[in-house]
Visitor: 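Before anything else, here's the structure in question.
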Amino acid sequence: MKNQSQNPFSSGGKAMNVAPLSLVKLLSCLFFFVFGLTFGIILCFNYKSFSFNLLVTNRHFSIFTSSTMTTTSNTSSNNNNREFLEPPNVIMHDMNDQELLWKASMIPRIQEFPFKRRPKIAFMFLIRGPVLLAPLWELFFKGHEGLYSIYVHSDPSFNESEPQGSVFHGRRIPSKKVEWGQVNMIEAERRLLANALLDFSNQHFVLLSESCIPLYNFSTIYSYLTNSTQNFVEAYDLAGPVGRGRYSHLMLPVIKLDQWRKGSQWFEMDRDLAIEVIADNIYFPVFQNYCNGSCYADEHYLPTFVSMKFGGKNSNRSLTWVDWSKGGPHPAKFIRTDVTPEFLEKLRSGNSCEYNGKKTNVCFLFARKFTLNALDRLLRFAPIVMHFNM
């Protein structure tokens, strides 16, 4: 009975204690609700352009504001555009040939450039190992930064690199094995062109070997090439076994015998022709399939292709002097004792040709084949004869 008389009193006491606690909680919730609502209204009025985005990645929550995302997007876009318009100094990439040729064949429809640029000449070296006459070329390029680009295609087995500070350092493109007289030599030339075309500032393209030398200073060669109205791909019709005799009737109907041409592989061409060469999927496959054995693709593909499709803008001559007077499958080599001021002057001005419709004695800008032991004399005479110090 005693317990029963106390139960109502005890229950009432508990109810009286609980009520104030519930009220406190209710007021707290109301306070936070009003505070949150007020903060939200103020935020909406004062930061209309400010929004939150919830990103769930790998079970983690991240909050981004619209301003942050816009800044990030703009920064990323600017970096991508800059990389697209101005390729980085490092030219190694993981594209295969098909991807490279496709990307390099793109042509802007708008002629005006959206960035400041100066037309550059791409000097493309097709070599086996190192650039043997690099010190001479270093002297040639010195002081003309921004007006040239260098690309080197060497044998994949060659893994040495040029020293830091050399104009050839880091200029080796992804390369494949090349065999003398085989069609893969043309593949290498197209690979060089495609890599050089990725830089929109490159407007002229010169193919060189490890034994080539410049016969004039950079300023003279730059002016000669950039002011020329023609390309320089040697092409001529030659009867006999080393000319028309190398033609295969399996090339019909794409290439006919009277369209077959021969010439030096050492060329200079402008950007328009370079794009046509790397984009050619009609004539080059014919050479890949049927120009083998005694048919040397490097002596016939470009002369034939250019003559058939772009002959009106071609000079039909090469800018690289070579001595074939001794006969045989290879031109003459020049050693140390062959290099004299008189010999170099003869190469520079001892010929006659046509340039932009006028006669000139400046017909060759480069010459080959010079050996490594001729380098010391070349370096000695370059400032005097070729005016490399100008």
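The figures that follow rest on heavy atoms only: side chains count, while hydrogens, waters and symmetry mates do not. Given the structure is predicted, the values throughout are model-derived calculations rather than measurements.
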Visitor: Between Phe305 and Tyr283, how do the two ring planes meet: parallel, tilted or perpendicular, split at 30° and 60°?
Guide: tilted
Visitor: Do Ile121 and Ser149 have side chains that approach each other closer than 4.5 Å (heavy atoms only, starting at C-beta)?
Guide: no
Visitor: Does any donor atom in the side chain of Thr229 or Asn356 lie under 3.5 Å from an acceptor atom in the other side chain?
Guide: yes
Visitor: Taking the side chain from His169 and the backbone from Glu162, do they hold a donor-acceptor pair closer than 3.5 Å?
Guide: yes
Visitor: Does a donor on one side chain and an acceptor on the other come within less than 3.5 Å for Glu299 and Gln265?
Guide: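 The answer is no; no qualifying pair exists.
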Visitor: Please check this pair: side chain of Asn195 against backbone of Arg191, looking for a donor-acceptor N/O pair closer than 3.5 Å.
Guide: yes
Visitor: Determine whether a donor-acceptor pair (N or O, by modelled atom type, separation under 3.5 Å) exists between the side chain of Arg271 and the backbone of Leu197.
Guide: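 Yes; judged by distance alone, with no hydrogens or angles, the pair exists.
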Visitor: Taking the side chain from Trp260 and the backbone from Gly243, do they hold a donor-acceptor pair closer than 3.5 Å?
Guide: yes
Visitor: Is Asp237 salt-bridged to Arg244, going by a charged N under 4.0 Å from an acidic O?
Guide: yes
Visitor: So does Asp323 pair up with Arg368, basic N to acidic O under 4.0 Å?
Guide: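 The answer is no: the pair does not qualify as a salt bridge.
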Visitor: Treating Ile, Leu, Val, Met, Phe, Trp and Tyr as nodes and any side-chain heavy-atom pair under 4.5 angstrom as an edge, say whether Phe218 and Leu319 lie in one connected cluster.
Guide: yes
Visitor: Quick one: does Phe370's side chain get under 4.5 Å of Leu133's, heavy atoms only?
Guide: yes
Visitor: Which of these, Val233, Val206, Leu207, sits in a side chain to side chain contact (heavy atoms under 4.5 Å, CB included) with Met269?
Guide: Val233
Visitor: Does any N or O in the side chain of Ser318 come within less than 3.5 Å of the main-chain N or O of Phe267, such that one atom is a donor and the other an acceptor?
Guide: no
Visitor: Decide if atom CZ of Arg128 counts as having more than 12 heavy atoms of other residues, nucleotides or ligands within a radius under 6.0 Å.
Guide: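 12 or below, so no.
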Visitor: Can we say Arg190 and Glu187 salt-bridge, meaning some charged N sits less than 4.0 Å from an Asp/Glu carboxylate O?
Guide: no
Visitor: Where is the tightest heavy-atom contact between Met185 and Glu179, given as atom of each residue plus distance?
Guide: CE-O, 3.9 Å
Visitor: Considering only NZ, NE, NH1 and NH2 on the basic side and carboxylate oxygens on the acidic side, decide whether Glu354 and Arg317 come within less than 4.0 Å.
Guide: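 So Glu354 does not pair with Arg317 through a salt bridge.
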Visitor: For the side chain of Thr304 and the backbone of His300, is there at least one donor-acceptor N/O pair under 3.5 Å apart?
Guide: yes
Visitor: For Glu160, does the CD atom sit with more than 12 other heavy atoms under 6.0 Å from it, leaving out its own atoms?
Guide: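 Atom CD in Glu160 is not packed in, count stays at 12 or less.
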Visitor: Would you say the rings of Phe141 and Tyr148 are close, in the sense that their centroids are separated by under 6.0 Å?
Guide: yes
Visitor: Less than 6.0 Å separating the ring centroids of Tyr301 and Phe284?
Guide: yes
Visitor: Any salt bridge linking Glu276 with Lys309? Criterion: basic side-chain nitrogen under 4.0 Å from a carboxylate oxygen.
Guide: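 No, no charged N to carboxylate O under 4.0 Å.
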Visitor: Do Asp270 side-chain atoms and Leu273 backbone N/O form a donor-acceptor pair below 3.5 Å?
Guide: yes
Visitor: Judged by modelled atom types alone, do Ser352 and Asn361 share a side-chain donor-acceptor pair under 3.5 Å?
Guide: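 Their side chains do not contain a donor-acceptor pair, so the 3.5 Å distance test is not met.
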Visitor: So if I apply the side chain to side chain contact (heavy atoms under 4.5 Å, CB included) rule between Thr320 and each of Cys212, Ser264, Ser209, which one comes out positive?
Guide: Cys212
Visitor: Evaluate the side-chain contact (heavy atoms from CB on, under 4.5 Å) criterion for residues Trp137 and Phe168: first the C-alpha distance (whole Å), next the side-chain angles of each, then the deciding distance (0.1 Å), finally the verdict.
Guide: CA-CA 9 Å; Trp137 286 102; Phe168 295 100; 3.7 Å; yes
Visitor: May I ask you to check whether His249 and Tyr247 place their ring centres under 6.0 Å from each other?
Guide: yes
Visitor: Are Phe125 and Tyr151 an aromatic pair, judged by ring center distance below 6.0 Å?
Guide: no
Visitor: Can we call the ring centroids of Trp180 and His330 under 6.0 Å apart?
Guide: yes
Visitor: Drop me the distance from Leu208's CG to Ile150's CD1, to the nearest 0.5 angstrom.
Guide: 10.0 Å
Visitor: Quick check: does any side chain N or O of Arg261 sit under 3.5 Å from a backbone N or O of Asp258, one acting as donor and the other as acceptor?
Guide: yes
Visitor: Is the closest side-chain donor-acceptor distance between Ser166 and Glu138 under 3.5 Å?
Guide: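 Their side chains do contain a donor-acceptor pair, which is all the 3.5 Å distance test asks for.
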